[in-house]
Novice: 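Can you keep this structure in mind? I'll have questions shortly.
From a predicted model like this one, the values you see are computed outputs, not experimental measurements. Residue numbers start from 1 in every chain, and the chains themselves are labelled A, B, ... in the order their sequence lines are given, proteins ahead of strands. For the numbers below, each heavy atom of this structure counts, side chains included, while hydrogens, waters and symmetry mates do not.
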There are 2 protein chains.
Amino acid sequence: MHNPAGLPHILTGKEGRSMATTSSAVTEVSIPAAEKGARGGSSAYLRLREAIVDGRFQPNERLVEADLARTFGAGRTAIRAALVRLDQEGLVERQPNRGARVRLVSDREALEIEEVRVALEQMLARHAAARVTPSHVRKLRQMLEEMTARVEAGDPLGYSELNSRFHEMIWAIADQAVASTLVANLKSQSIRFQYRTILQPGRPDRSLREHAEIVEALAARDPDRSEVAMREHLSRVVETLKEAIARHHTR
Amino acid sequence: MHNPAGLPHILTGKEGRSMATTSSAVTEVSIPAAEKGARGGSSAYLRLREAIVDGRFQPNERLVEADLARTFGAGRTAIRAALVRLDQEGLVERQPNRGARVRLVSDREALEIEEVRVALEQMLARHAAARVTPSHVRKLRQMLEEMTARVEAGDPLGYSELNSRFHEMIWAIADQAVASTLVANLKSQSIRFQYRTILQPGRPDRSLREHAEIVEALAARDPDRSEVAMREHLSRVVETLKEAIARHHTR
DNA sequence: GTGCATAGAATTGTCGACAATCGATTGTCC
DNA sequence: GGACAATCGATTGTCGACAATTCTATGCAC
């Protein structure tokens, strides 16, 4: 998971809130490869977070503090703080005196999250249209080509990854830290549902066309058109997700 | 999970993620002077949060753990956990080894927050239009009358409070927990800027008309119209805030 | 007076120990 | 056998103590 051409990578949690100035924040998320010996400050939080988001812990799996401390080579204090943070972030559920679990987001909540994402990315697209530069457009077109290549190569996972990058690029252009942080956090919560939309037959082709329209709209620096393009794209994602969930539920 | 005919109250996600009341008419200022016996559970977090949101701690004010522990009659452990939570929530800024401060949201960030709020409330209005009942409409109209009364009585603070209730009511109707939680959190972050928009001359009258149009649109169960009405209302709030900030900056 | 190093105070970070609580298992009575 | 109470092990919550770090102020040379 590297960063191809200095692409902005939106951070999660508090670091992303660093309201710097105008420039697109290119905050590095490099996971500190600290090992057992190194007291990695908040790295217990980062590593635990990554483990959850990557699915190395199952939803609803109990997170016993002592075990985690041993696993990550950290003290129970650090683990405890990490769990509090993750609870506030929505990735973990803590019940008093009963420990913490990986939070299971329900189908309903996944849909709600996606709807919020629509609203936020709509807004971000609008702002991006007002700030986009020719250099940005070039980069976006380039990404579009790569995505096409992935689809043609029958590589849905690679496509999905580029898809994320594409949207993150737009967030960066919009230069709205608050919205970007929120949408990034939401995404990490619902990451478990992502594959369901990508793997629908015919979806990648359609998705590509929608992305192309978004780029066109941005290139024209047209806020309304960009907003509409983004809304239509993501609304279709929501619809696809709805269908996938319905199918999954009545199988 | 939603609140049938009653007043929309605090939207509670989970007891872990619950948010304190935004600003009740009468805020509990009394800090019960430390009865050691009565451990208030997670109330250290709630009370500290309320203290910050209510402005009993100034922005950028240092939050020394030992002091807070004495003030709230809690142990340092509880305070520490509360600070971690509030940091993740965006109300507090913690720097390693350097303690915690009340986070100061810049003018720029306040605007960004408000823009996100526009996007989210737009979406919430749309969903509310699809779920609103006659009972809801009655309640909304009633609130509108009360708000009119407050404006005519020249009571901007009371109007502001009802204003919040009005929007919360719509959130409740929309029945979108994720969006509601987010917008509520954002609001508590930017609460310090709220008065700036309310106190603009002529603003209350205009605001009232905009609210009326929102109610009409909802009563008609028209999603598009409701969304537009909400967007126009909040966009104007953003504009007002922009002007207020500009004026404040060049005074 | 200014710059710089240093000592001391204040504060945060971390650990270990213990109390409090919960869940499950066992034991008892009918 | 099943409902219910007592018990035990596992886990979380909290406290106090101490180490680590930062901040403040003092002393000193120039």
Side-chain angles (χ1 to χ4, degrees), chain A residues 13-15 32 34-49 51-52 57-89 91-104, chain B residues 14-18 32-49 51-52 57-58 60-89 91-104:
Chain A
K14 54 171 295 193
E15 289 85 354
E35 276 316 297
K36 305 285 184 177
R39 286 276 167 263
S42 82
S43 93
Y45 159 73
L46 284 179
R47 286 193 291 163
L48 179 51
R49 183 182 204 286
I52 293 172
F57 290 105
Q58 297 304 316
N60 260 337
E61 182 172 346
R62 283 197 65 186
L63 297 172
V64 178
E65 296 174 1
D67 295 350
L68 297 176
R70 214 174 325 107
T71 303
F72 291 101
R76 201 157 75 92
T77 308
I79 297 295
R80 194 150 242 278
L83 288 175
V84 171
R85 259 178 101 169
L86 291 167
D87 173 50
Q88 194 70 21
E89 206 172 332
L91 287 174
V92 152
E93 197 167 21
R94 263 166 32 107
Q95 287 173 306
N97 284 317
R98 301 184 57 186
R101 305 176 164 274
V102 178
R103 201 161 83 89
L104 174 92
Chain B
K14 294 268 184 239
E15 75 268 24
R17 195 168 304 99
S18 69
E35 318 94 336
K36 299 295 181 183
R39 282 279 169 271
S42 81
S43 86
Y45 160 73
L46 284 180
R47 287 192 291 164
L48 179 51
R49 184 185 203 285
I52 292 172
F57 290 105
Q58 296 305 314
N60 261 336
E61 182 172 348
R62 282 196 66 184
L63 298 173
V64 178
E65 296 175 0
D67 295 351
L68 296 176
R70 214 174 326 109
T71 304
F72 291 103
R76 200 157 74 95
T77 307
I79 296 296
R80 195 148 238 280
L83 288 175
V84 171
R85 265 178 94 168
L86 291 167
D87 173 49
Q88 193 70 20
E89 209 172 331
L91 286 174
V92 152
E93 198 168 19
R94 259 167 31 107
Q95 288 172 304
N97 284 317
R98 301 184 57 186
R101 306 176 162 272
V102 178
R103 203 162 81 90
L104 173 93

Novice: Return the value, rounded to whole Å, for the distance between atom CD of E93(A) and atom P of dT12(D).
Specialist: 15 Å
Novice: Provide, to the nearest angstrom, the distance between the CG atom belonging to D67(A) and the P atom belonging to dA10(D).
Specialist: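 Whole-Å distance recorded here is 12 Å.
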Novice: Measure from CZ on R101(A) to C1' on dT12(D) and round the result to the nearest Å.
Specialist: 14 Å
Novice: Taking only the side-chain heavy atoms of T77(A) (C-beta and beyond), determine which of dT14(D), dT12(C), dC15(C) contains the nearest atom.
Specialist: dC15(C)
Novice: Base, sugar-phosphate alone, or nothing: which one does L63(B) contact when heavy atoms must sit under 4.0 Å apart?
Specialist: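 Answer is sugar-phosphate: L63(B) comes under 4.0 Å of backbone atoms only.
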Novice: How many whole angstroms separate atom CD of Q95(B) from atom P of dA20(D)?
Specialist: 22 Å
Novice: What is the distance, to the nearest angstrom, from the CG atom on N97(A) to the P atom on dT14(D)?
Specialist: 8 Å
Novice: From CZ of R76(B) over to P of dT14(C), roughly how many Å is that when rounded to an integer?
Specialist: 11 Å
Novice: Just compare dC15(C), dG13(D), dT12(C) and give me whichever is closest to any side-chain atom of R80(A).
Specialist: dG13(D)
Novice: R62(A) side chain: which of dG13(D), dT11(D), dT12(C) is closest?
Specialist: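 Nearest to the side chain of R62(A) among the choices is dT11(D).
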Novice: Do F57(A) and R101(A) come close enough that some side-chain heavy atom pair is under 4.5 Å?
Specialist: no
Novice: Does V92(A) form a side-chain contact (heavy atoms from CB on, under 4.5 Å) with V84(A)? I'd like the steps, not just the answer.
Specialist: CA-CA 8 Å; V92(A) 152; V84(A) 171; over 6 Å; no
Novice: How about L63(B) and I52(B): do any of their side-chain heavy atoms sit closer than 4.5 Å?
Specialist: yes
Novice: What is the separation between atom CD on E61(B) and atom C1' on dT11(C), rounded to the nearest whole Å?
Specialist: 16 Å
Novice: Rounded to the Å, how far apart are E65(B) CD and dC15(D) C1'?
Specialist: 14 Å
Novice: Closer than 4.0 Å, any side-chain N/O of R98(B) to the OP1 or OP2 of dT12(C)?
Specialist: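 Result: no.
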Novice: Would you mind reporting whether E89(B) and R49(B) have side-chain heavy atoms less than 4.5 Å apart?
Specialist: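 SC-SC contact between R49(B) and E89(B) confirmed.
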